[in-house]
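Input: a single structure, listed below in structure tokens.
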Amino acid sequence: MPELPEVETIRIGLDKLLPGKKVISEIHDWDKGFPNSKYDVQQFLTGAKILCVRRRAKVLLIELDTKYSLAIHLKMTGQLIFISKTKERWGGGHPSDSLVGHMPDKSTRVTLLFSDGSKLFFNDQRKFGWMRLLPSAEVSNLDFFKKVGPEPLSANFFAKEFRGRIRRRPSSTIKSALLDQSVIAGIGNIYADESLWEARIHPSERVNNISEAKLNTLFKSIQSILRLAIDKGGSTDRNYVNARGQRGSYLEFAKVFRREGQPCFRHPKENIIKLRVAGRGTHICPKCQKLRSTAENKAIRV
DNA sequence: CACTTGACCTGTCCGC
DNA sequence: TGCGGACAGGTCAAGT
């Protein structure tokens, strides 16, 4: 679930909390947390001071003063939760909030202890996520970074490049192209659905059936939705929380995601439906988002 | 080659 | 109440 806005929200939080902290020890009892590490994590992490926290695509980069970087991918259920020396509980505050808890919990994979007594917990229920400690100069050599596409909110990223990159997948569905991290970085299932509704494009539409004008609209939709989502602290669908253990509120503003059976905001008499596109649960308004070919439109709905 | 599907995991929810 | 199965989705490997 962490997509660009969630990872960016965590980054903003960690970048306020972590710089200057010195790692005094590191605990991990889960080998997969540091897969194929060439570097002894204890040796290269202990004593390092944190400089800043950056993000590329959905990967967080904790930069150390030793010219090493800790790269972290949260995949679907990863959390990074910071707890200060005096605080034991984390979370949003209400006692009934199921996301509030104590750290470490049974999903904690890695714990960093800092010299001032504060701690950073890497939790991952489903164990899909990873951390890698490596020389900062080698970060760009990670397979993931070698092929990942541009940042959608970069000041240097324009509609022309967006269209060009999307069109490299002419016969795939537009949703599949949006989810392809080598085309554009950071979009996942939630924001793909939201952006396509905003741009009135059916997720199953083939790229080469989509006009240049529609792709321009989609480009703007992606940017405005990602910006709004960052502003709202991301989307908490299941277990996403920010660095302080707080939920994001974007889903209160979502137009289609997880709204199946509820009315479309443009067509109050039409209900949002859920389909399967690109192997993912996909939410659309059947009136706003029609396939260009009506024959396909009917076939898909059966 | 271009694209789609399955595997990786675990917790939750639904129907029987 | 317990149990099996479907589902959730980011990315990579394997399959078509």
Side-chain angles (χ1 to χ4, degrees), chain A residues 1-8 10 28-36 55-60 71-80 97-99 101 104-110 122-132 141-149 151-152 164-196 203-210 226 229 234-241 248 250-251 254 256-261 273-283 300:
Chain A
M1 308 178 197
E3 305 180 24
L4 187 153
E6 290 75 33
V7 180
E8 178 64 11
I10 294 170
H28 71 277
D29 53 7
W30 175 51
D31 290 340
K32 219 186 134 193
F34 286 96
N36 311 317
R55 178 189 62 77
R56 175 74 172 99
K58 299 172 189 170
V59 177
L60 283 164
I72 304 165
H73 200 309
L74 301 170
K75 292 288 181 86
M76 248 103 61
T77 55
Q79 301 174 326
L80 279 169
D97 190 335
S98 63
L99 294 182
D105 68 17
K106 63 180 173 180
S107 74
T108 299
R109 312 296 171 199
V110 180
F122 172 42
N123 303 331
D124 189 7
Q125 200 173 79
R126 289 172 71 176
K127 301 181 180 176
F128 287 1
W130 47 258
M131 285 184 141
R132 288 191 175 98
N141 294 332
L142 288 174
D143 287 346
F144 181 85
F145 284 122
K146 276 195 266 186
K147 62 180 188 189
V148 74
E151 288 292 322
R165 299 184 74 92
I166 291 284
R167 295 227 185 269
R168 301 198 309 203
R169 306 267 314 255
S171 61
S172 72
T173 63
I174 183 64
K175 177 155 180 177
S176 170
L178 289 181
L179 293 174
D180 183 342
Q181 300 297 296
S182 71
V183 171
I184 181 171
I187 299 174
N189 205 38
I190 297 172
Y191 302 107
D193 283 7
E194 292 293 298
S195 302
L196 289 166
S204 295
E205 192 68 85
R206 302 284 155 177
V207 165
N208 57 17
N209 274 340
I210 302 176
L226 292 179
S235 297
T236 296
D237 179 28
R238 304 176 76 86
N239 72 345
Y240 161 75
V241 289
Y250 176 82
L251 288 187
V256 288
F257 191 80
R258 285 289 146 81
R259 293 196 64 249
E260 59 267 35
I273 60 170
K274 189 169 178 181
L275 314 167
R276 203 149 189 94
V277 179
R280 312 297 185 80
T282 298
H283 312 74
I300 284 276

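Every chain is numbered from 1, with letters handed out A, B, ... down the list of sequences.
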query = Base, backbone or nothing for each nucleotide of nucleotides 10-16 of chain C, written B, S, -, heavy atoms under 4.0 angstrom, 5' to 3'?
reply = BBS----

key: Interatomic distance where CG belongs to A:N239 and P belongs to C:dC7 [whole Å]   = 20 Å

Aromatic plane relationship, A:H73 with A:F144 - under 30° parallel, 30 to 60° tilted, over 60° perpendicular = perpendicular

remark   = A:R276 has its side chain closest, among B:dT4, C:dA8, B:dA2, to C:dA8

task = Round to a whole Å and report the spacing from CZ of A:R167 to P of B:dA2.
result = 17 Å

query = With sequence neighbours excluded, what pairs up with A:R259 under the salt bridge (Lys or Arg N to Asp or Glu O under 4.0 Å) test?
reply = none

message = How many whole angstroms separate atom NZ of A:K106 from atom P of B:dC9?
response = 18 Å

ask   = Above 12 or not: heavy atoms from other molecules or residues under 6.0 Å from CG of A:D143?
value = no

remark   = Residue set satisfying side-chain contact (heavy atoms from CB on, under 4.5 Å) with A:N208, at least two apart, ordered chain then number -> A:P170, A:R206

ask   = With respect to the phosphate group of B:dA2, does any side-chain polar atom (N or O) of A:S171 fall under 4.0 Å of OP1 or OP2?
value = no

side-chain contact (heavy atoms from CB on, under 4.5 Å) partners of A:D237, counting only residues at least two apart = A:M1, A:L251, A:F257, A:R258

message = Under the rule for side-chain contact (heavy atoms from CB on, under 4.5 Å), what residues qualify as partners of A:P2, not counting sequence neighbours?
response = A:E6, A:V7, A:L74

remark   = DNA chain B in dot-bracket form (Watson-Crick or G-U pairs under 3.5 Å, [ ] crossing, | inter-strand) is .|||||||.|||||||

query = On a whole-Å scale, what distance lies between the C1' atoms belonging to C:dA6 and B:dG6?
reply = 15 Å

inquiry  = Nearest whole Å is fine: how far is B:dT10 C1' from A:D105 CG?
reply    = 13 Å

inquiry  = Quiz question: by atom type and distance under 3.5 Å, do the side chains of A:K175 and A:N189 form a donor-acceptor pair?
reply    = yes

inquiry  = Any side-chain N or O of A:S176 below 4.0 angstrom from OP1/OP2 of B:dT4?
reply    = yes

inquiry  = Without decimals, in angstroms, what is the distance between A:K175 NZ and B:dT4 C1'?
reply    = 15 Å

remark   = Closest of B:dC3, C:dA8, B:dG11 to the A:S172 side chain is B:dC3

key: Minimal non-hydrogen separation, A:A185 against A:L4, with atom names   = O-CD1, 4.0 Å

request  = Starting from P on B:dT4, measure out to CD1 on A:I174 and report it in whole angstrom.
outcome  = 12 Å

ask   = Which is true for A:S107 with a 4.0 Å heavy-atom rule: it touches a base, it touches only sugar-phosphate, or it touches nothing?
value = nothing

ask   = Side-chain contact, heavy-atom cut-off 4.5 Å: A:N239 with A:Q79?
value = yes

A:R56 with A:E151: basic N within carboxylate O range, under 4.0 Å = yes

task = Could you state the atom-to-atom distance from CZ of A:R238 to C1' of B:dG11 in whole Å?
result = 7 Å

query = How close or far is atom P of B:dG11 from atom CD of A:Q125, stated in whole angstroms?
reply = 6 Å

message = For a quick check of understanding: with a heavy-atom distance under 4.0 Å over all strands, which category does A:Y191 fall into, base, sugar-phosphate or nothing?
response = nothing

ask   = Looking only at atom C1', what distance separates B:dG11 and C:dC12, rounded to whole Å?
value = 23 Å

